[in-house]
There are 2 protein chains.
Amino acid sequence: MNIEDSNFILLRQHRLFRQLTYKECSELNIVSGFMNKKKNEFIYLNSLRNDRLYFLKKGYIKIGSYDKEGNEKIKEVLSQGDIFGQLTLEGDTGEQEFAQVIKSEAQICSFTVEDFERILMKRPDLAISFTKLVGLKIKGLQSRITSIMYKDVKARLVDFFIYLAHKERKETADELVFKNYLTHAEVASLVGCTRQTATTFINKLEEEGLVEFTRHHIRIPSISKLQSMAN
Amino acid sequence: MNIEDSNFILLRQHRLFRQLTYKECSELNIVSGFMNKKKNEFIYLNSLRNDRLYFLKKGYIKIGSYDKEGNEKIKEVLSQGDIFGQLTLEGDTGEQEFAQVIKSEAQICSFTVEDFERILMKRPDLAISFTKLVGLKIKGLQSRITSIMYKDVKARLVDFFIYLAHKERKETADELVFKNYLTHAEVASLVGCTRQTATTFINKLEEEGLVEFTRHHIRIPSISKLQSMAN
DNA sequence: GCTGTTTTGTCGGTTGGCCGACTTTTTAAC
DNA sequence: GTTAAAAAGTCGGCCAACCGACAAAACAGC
């Protein structure tokens with residue numbers, strides 16, 4: 001099996017690309033945009049203008065930016081099967097953004113917005129699917145805003161673990177265990193508090209038996225219990 | 001000129017719809033979705049599932065929801081020419097949402113997501129434009145999250161007035177005056193603080209000569225000065 | 001023009017979470 | 001297996017913003 005074939009198969013992991021024919025897929029010129037990145041390597045960095053879309057085949061990455069003091073502000077963390085990059089199909093990100101591999105090695109393939117738009121022009125059904133995908137992101141951002149504005153740190157952490165649970169859950173079981181690819185500092189940045197307070201409240205949630213957070217894994221004994229906490 | 005004609009012309013105010021032909025426009029069945037709403041009336045309320053897209057022809061509205069104590073949480077405020085409703089083209093808003101007219105009478109026209117999708121299928125270029133529009137919203141939400149997470153109330157207010165300025169500005173002049181359709185309480189909700197602190201800091205910004213906030217109008221003497229405040 | 005209601009202004013008491021600062025634990029590198 | 005670096009845990013002082021409470025001002029309805 002050549003690289004293009006394997007890309008085709010892997011891309012089809014995502015429900016958006018499942019609709020693509022082999023020919024359309026090769027028109028995306030993914031091969032040239034294929035990469036293997038080690039831990040801590042950047043996929044892109046400080047690029048104001050980035051006209052690519054990326055598909056994370058394997059591993060974990062974080063998207064963020066740096067403020068003028070050099071502190072990182074994490075926007076989101078992505079795992080296998082996620083799409084990132086120029087989702088808006090249009091330039092000037094406004095802020096300089098980076099995408100960095102965390103925890104383990106990652107495999108990413110990418111294609112240009114230009115190539116993608118060319119296919120969308122031929123496949124309006126796909127354009128609609130894509131819009132719905134972007135729409136999902138909007139809902140996620142909106143509920144995050146609500147969480148940050150109206151809840152205290154503990155409640156925000158609960159929200160965050162629920163979010164993670166939905167992201168990582170494959171089966172429908174109420175218990176969930178998955179590999180932990182986040183440090184306290186990263187959780188803090190995502191939740192909007194300092195590292196110290198994140199540590200304090202993660203431990204508090206552990207005491208209450210709502211989550212188990214170790215360096216190696218995160219275990220949520222009962223998603224429904226966590227959800228009832230959030231009301 | 002009949003209603004349909006006038007709708008066509010008004011819809012074309014928006015750059016998204018400027019690309020539509022008269023025929024396509026009438027396929028949206030806007031007429032049946034036309035409405036005139038007085039101050040404080042709801043366009044929709046507590047609808048979990050709403051499969052319509054709305055176009056605000058005239059007036060101002062606020063989008064939000066109520067928490068279990070009954071306090072309103074304003075998500076955003078829209079003015080003439082804005083599109084709202086099921087931008088994600090897909091159901092279950094997750095949260096119950098309302099859209100309410102503020103300040104003065106509003107004119108709204110609407111069409112179903114179904115009709116809209118039918119046109120997008122025929123006009124993929126429009127689908128791409130629409131995706132870019134939704135993409136803009138994402139950028140707005142992301143910068144709002146950054147603002148809330150990393151800045152204090154005063155800086156957030158500055159950000160908010162800059163946002164308003166960009167929204168209301170028609171010419172390129174550095175000074176800007178526009179009708180005020182917001183109360184302190186509404187600004188507070190949008191910025192993420194209590195009414196009292198909003199009042200305090202709006203007055204502080206007035207003392208510094210950065211904004212002029214009266215019940216009737218908002219004046220920004222120098223947008224560039226405000227922007228340099230925000231860094 | 002009077003009157004009830006909404007909006008705005010102001011002020012202390014209280015507190016959630018920040019900010020160093022430092023220690024302990026875990027991980028990675030050689 | 002030693003050692004340096006990174007991550008996690010803990011604590012006291014401090015302050016931004018909340019909260020309740022009330023008064024003044026502006027507006028809307030009749």
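No salt bridge links A/Glu105 with A/Lys58; every basic N to acidic carboxylate O contact stays at or beyond 4.0 Å. A salt bridge is defined here as a Lys NZ or Arg NE, NH1 or NH2 lying under 4.0 Å from an Asp or Glu carboxylate O, and B/Lys73 with B/Asp67 fails to meet this definition.
At D/dC18, one or more side-chain N or O atoms of B/Thr197 fall inside 4.0 Å of OP1 or OP2 (strictly under the cut-off). Taking 4.0 angstrom as the limit, B/His216 places a side-chain polar atom (N or O) nearer than this to OP1 or OP2 of D/dC27. Remark: B/Thr194 is in phosphate contact with D/dC18, judged by side-chain N or O atoms under 4.0 Å from OP1 or OP2.
A 4.5 Å side-chain heavy-atom check between A/Asn71 and B/Tyr150 finds every atom pair outside the cut-off.
Atom pair B/Glu186:CD and C/dT7:P shows a separation of 7 Å (rounding to whole Å applied). Atom NE2 of A/His184 is separated from atom C1' of D/dG9 by 9 Å (rounded to the nearest Å). A/Tyr181 places its OH atom 17 Å from the P atom of D/dA7, with the value rounded to the nearest Å. Distance A/Asp152 CG to D/dA16 P: 21 Å, rounded to the nearest Å. Rounded to an integer number of Å, the gap from CD1 of B/Ile102 to P of C/dT6 is 16 Å. Look at CG on A/Asn40: it is 16 Å from P on C/dT27, rounded to the nearest Å. Spacing between atom CE of A/Met149 and atom C1' of D/dC18 amounts to 15 Å, rounded to whole angstrom units. Atoms NZ (B/Lys204) and P (D/dA17) sit 10 Å apart, rounded to a whole Å.
Here the side chain of B/Gln196 is nearest to one of C/dT6, D/dG20, C/dG20, namely D/dG20. Picking from C/dT7, D/dT10, D/dC18 the nucleotide with the shortest atom distance to the side chain of B/Arg215 gives C/dT7. Listed candidates were D/dA8, C/dT10, C/dG17. Nearest to the side chain of A/Phe201 is C/dG17. With D/dT10, C/dT8, C/dC18 as the candidates, the nucleotide lying closest to the side chain of A/Asn203 is D/dT10.
Between A/Glu206 and B/Arg195, the residue anchored nearer the 5' end of DNA chain D, judged by the nucleotide with its closest heavy atom, is A/Glu206. The nearest heavy atom of DNA chain C to B/Phe213 and to A/Ala198 marks one nucleotide each, and the one closer to the 5' end goes with B/Phe213.
With ring centers used as reference points, A/Phe98 lies under 6.0 Å from A/Tyr66. Residues B/Phe55 and B/Phe111 place their aromatic rings such that the two centres sit no closer than 6.0 Å.
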